[in-house]
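Order of listing sets the numbers, starting from 1, for every ligand and every atom in it. Since the structure is predicted, the reported quantities are computational estimates derived from the model, not experimental observations. Heavy atoms only: backbone and side chains are in, while hydrogens, waters and symmetry mates are out. Nothing fancy with the numbering, it's 1 onward along the sequence.
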Amino acid sequence: MTKKWWHDKVAYQIYPKSFYDSNGDGIGDIPGIISKLDYLRDLGVDIIWLSPCYQSPLADQGYDISDYYNIDPCFGTMEDMEQLIAEAKKRNMYILMDLVVNHCSDEHEWFRRACEDPDGKYGNFFYLRDKKDGELPTNWRSYFGGPVWEDLPGTNKQYLHVFHKKQPDLNWENPELREEVYRNINWWLDKGLGGFRIDAIMNIKKALPFRNYTSDRADGLCNIYEMLREADGIGEFLGEMRDRTFRKYDAFTVGEVFNEKPDELSDFIGEDGYFSSMFDFNETIFGGSPKGWYDAKPITPDDYKKCCFESQAKTGDIGFLSNIIENHDEPRGVSRYIPEGDCCTESKKMLAALNFMLRGLPFIYQGQELGMENIPFGSIDDVDDISTHDEYRVALDAGLTPEEALKAVSKFSRDNARTPMQWSDEINAGFTTGTPWLKVNPNYTKINAAAQLDDADSVWHFYQKLIALRKNPAYKQTIVYGKLEPVWEAVHNLMAYYRKDDKTLLVVGNYQREEQSITLPSPYNQVLLNNFKEVMEEDGVIRLQGYQVLILEICE
Ligand code: GLC
Ligand code: CA
């Protein structure tokens, strides 16, 4: 395998609106990010992915872009952005922006022009269909609920939006649109970006001609995946995009890829793939129900292990997955993957090590390094996220009481990850001197960066050690490139695997509160990381304490 500059890196996702507010308006901003670069460098982060901060009406918190060449004033200016790139570079860090090109905002100039002249050039930038009485062009349900069709203002047409109605889908079949996208990507790469995280990209190819699919709910609509499953040929778009943009810059790209066809993996992330990497969502989609969040099944430690190993086996050494515990679309991983009642410093560290040592690129989402947890919502009015509001309504329609519905959607709400970053125990967790745009998690007095930086045993310091281990020249080859081999796969509530290359490492986590013993197949010569003070061992038998995790270097 040809070595690439990004293979051994560690990435960190920033959700700008909630990271750090520098001017007291309650909204995180780019100067705020710049002021925290040293914090990230000290942690060991190399690559920073920024969720969108382009000009946007923020209907979907920036994933609805009205100008791809401008920064939204609430986040700062283009000069701020340029300064961020420069300051990152000084610290050997790279900035990734979010590439949101399945759709733009209905406030984008292209869309305005399409409304003015639907049969003209810009009408063909979107998917428009003639409006018929009492009948929609298709029966597809949008990701955020309701039909994907909306009236095109001032015309007798309708436009397609697979996400929110303020996010009209762009017509990738139109070469003129694709040119506009490539021009924008290159313009940003010329500014010195390290690359992009690529949003919702599997939606750019639609199955044509459009048709109806069997409906799966009382609303008479069908899941959008019914259509996407039939869409062939996305590779032509993705290959063209790579050749026209990323490849020339040796940029790092990570795709938000769902549902790729099994034999396509190497096209996506192989040696000359469309992307450098793609996220592993196997754990996050586990237990999902076509009925909605209210019907989703919780994930157990054994399920979690199975999901991780499945992805690892599927990927092998074809390429590098990007491994996450959470992101801005998911609840907090520690609240989700650690059994209820067991969320504590030790179990958080165990989850961190088990995920971090998998083959692939580790991505840390802001606050994950502190073990930030889900927020208890007092009422649905405390929720900002459009997706949670939709799922709440779905739950009510299914007959749940308002209390039950709130409880059900709270577990999955995207706002869990979007509450302000907890910097200190000062007012508003030190995030802002004003009123935060979204409520701060009340547990900030206990969970915050200032306290953890002062405490050598904190979750933060554990993440710092994990990163340092990945970068340690003695282990780097093994941790970055080594094969992953599961061990004791059938043992209940135990997750263990070898990483093998020039060294052999054993990662083992006791995924339960009770003790559990393991018999080492061969002796170890070093404990590289332990979330407890000691290793209780006798004659090759290790008695693991509840939620203990060990990274051992095995003798050869
Ligand atoms: C992706 C983003 C999500 C957004 C959606 C539409 O899934 O991660 O936050 O709502 O795309 O852009
Ligand atoms: Ca601000």
Side-chain angles (χ1 to χ4, degrees), residues 13-36 49-54 56-66 68 71-77 80 96-106 108 142-145 148 160-170 196-204 224-225 228 254-259 278-279 281 284-285 288 322 324 326-331 363 365 384-391 412-418 420-421 423 428 430-438:
Q13 180 189 355
I14 288 181
Y15 196 68
K17 203 170 181 187
S18 304
F19 192 58
Y20 185 63
D21 174 21
S22 71
N23 61 356
D25 65 357
I27 295 177
D29 46 54
I30 299 172
I33 299 173
I34 297 174
S35 72
K36 297 294 184 186
W49 150 31
L50 303 184
S51 276
C53 43
Y54 310 89
S56 164
L58 303 180
D60 187 23
Q61 296 305 353
Y63 285 91
D64 47 321
I65 298 171
S66 53
Y68 290 93
I71 299 296
D72 196 275
C74 80
F75 296 123
T77 62
D80 293 333
L96 308 183
M97 285 184 78
D98 216 305
L99 184 68
V100 188
V101 289
N102 173 67
H103 45 268
C104 59
S105 161
D106 65 343
H108 193 288
S142 89
Y143 288 102
F144 297 147
V148 296
L160 174 80
H161 61 90
V162 302
F163 291 93
H164 193 259
K165 64 177 183 216
K166 285 190 70 65
Q167 296 168 300
D169 279 54
L170 291 166
F196 290 95
R197 174 266 186 180
I198 302 176
D199 185 70
I201 196 66
M202 297 308 276
N203 296 284
I204 64 171
I224 196 81
Y225 284 123
L228 292 176
V254 51
E256 189 194 24
V257 175
F258 285 98
N259 296 353
M278 59 191 243
F279 290 110
F281 291 119
T284 63
I285 59 178
S322 286
I324 58 163
E326 64 215 30
N327 65 24
H328 67 293
D329 291 331
E330 301 296 334
F363 269 70
Y365 177 73
D384 165 85
D385 170 34
I386 44 181
S387 179
T388 311
H389 282 283
D390 169 54
E391 294 284 352
F412 297 100
S413 174
R414 308 197 295 178
D415 276 357
N416 284 308
R418 298 178 180 187
M421 175 77 175
W423 291 107
N428 299 321
F431 161 72
T432 179
T433 54
T435 308
W437 73 277
L438 190 66

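Aromatic ring pairs are classed by plane angle as parallel below 30°, tilted from 30° to 60° and perpendicular above 60°; the pair Tyr15 and His328 is parallel. Between Trp423 and Tyr20, the ring planes lie perpendicular to each other; the angle is over 60°, past the 30° to 60° tilted range.
Between Pro331 and Ser413, the closest side-chain pair of non-hydrogen atoms is not below 4.5 Å.
Only the side chain of Arg418 comes within contact range of ligand 1, with a heavy atom under 4.0 Å; no backbone atom does. With a heavy-atom cut-off of 4.0 Å, Arg197 touches ligand 1 through its side chain alone.
Here the options are Asp64, Asp106, Asn102, Asp60, the test is side-chain hydrogen bond (donor to acceptor under 3.5 Å, both in side chains), and the partner is Gln167; only Asp60 passes.
Donor-acceptor pairing under 3.5 Å is lacking for the side chains of Ser387 and Asp390. A donor and an acceptor atom, one from each side chain of Glu326 and Asn416, are nowhere located under 3.5 Å apart. Under 3.5 Å, the side chains of Ser66 and Ser105 contain no donor-acceptor pair of N or O atoms. For Gln13 and Asn327, the side-chain atoms include no donor-acceptor pair closer than 3.5 Å.
Of all protein heavy atoms, the one lying nearest to atom 2 (C) of ligand 1 is Asp199 OD1, 2.9 Å. Distance from atom 5 (C) of ligand 1 to its nearest protein heavy atom, with residue and atom name: Phe163 CE2, 3.6 Å. Considering only non-hydrogen protein atoms, atom 8 (O) of ligand 1 sits nearest to Asp329 OD2, 2.4 Å. Scanning all protein heavy atoms for the shortest distance to atom 10 (O) of ligand 1 gives Asp60 OD2, 2.5 Å. Of the protein's non-hydrogen atoms, the one nearest atom 7 (O) of ligand 1 is Glu256 OE2, 2.8 Å.
Atoms of ligand 1 lying under 4.0 Å from at least one heavy atom of His103, given by number and element, are 6 (C), 12 (O).
Contact analysis puts Arg414 in contact with ligand 1, with a non-hydrogen atom separation below 4.0 angstrom. The closest approach between a heavy atom of Phe144 and any atom of ligand 1 is below 4.0 Å. In this structure, Gln61 does not count as a contact residue of ligand 1, since none of its heavy atoms falls inside 4.0 Å of the ligand.
Each protein N/O/S atom under 3.0 Å from the Ca ion (ligand 2) was counted, for a total of 5.
Heavy-atom contacts from other residues, nucleotides or ligands closer than 6.0 Å to NZ of Lys165 number 12 or fewer.
Take Ser22 and apply the side-chain contact (heavy atoms from CB on, under 4.5 Å) test, not counting sequence neighbours, and it matches Asp29, Pro31.
Side-chain rings of His164 and Tyr63 stay apart, their centers remaining 6.0 Å or farther from each other.
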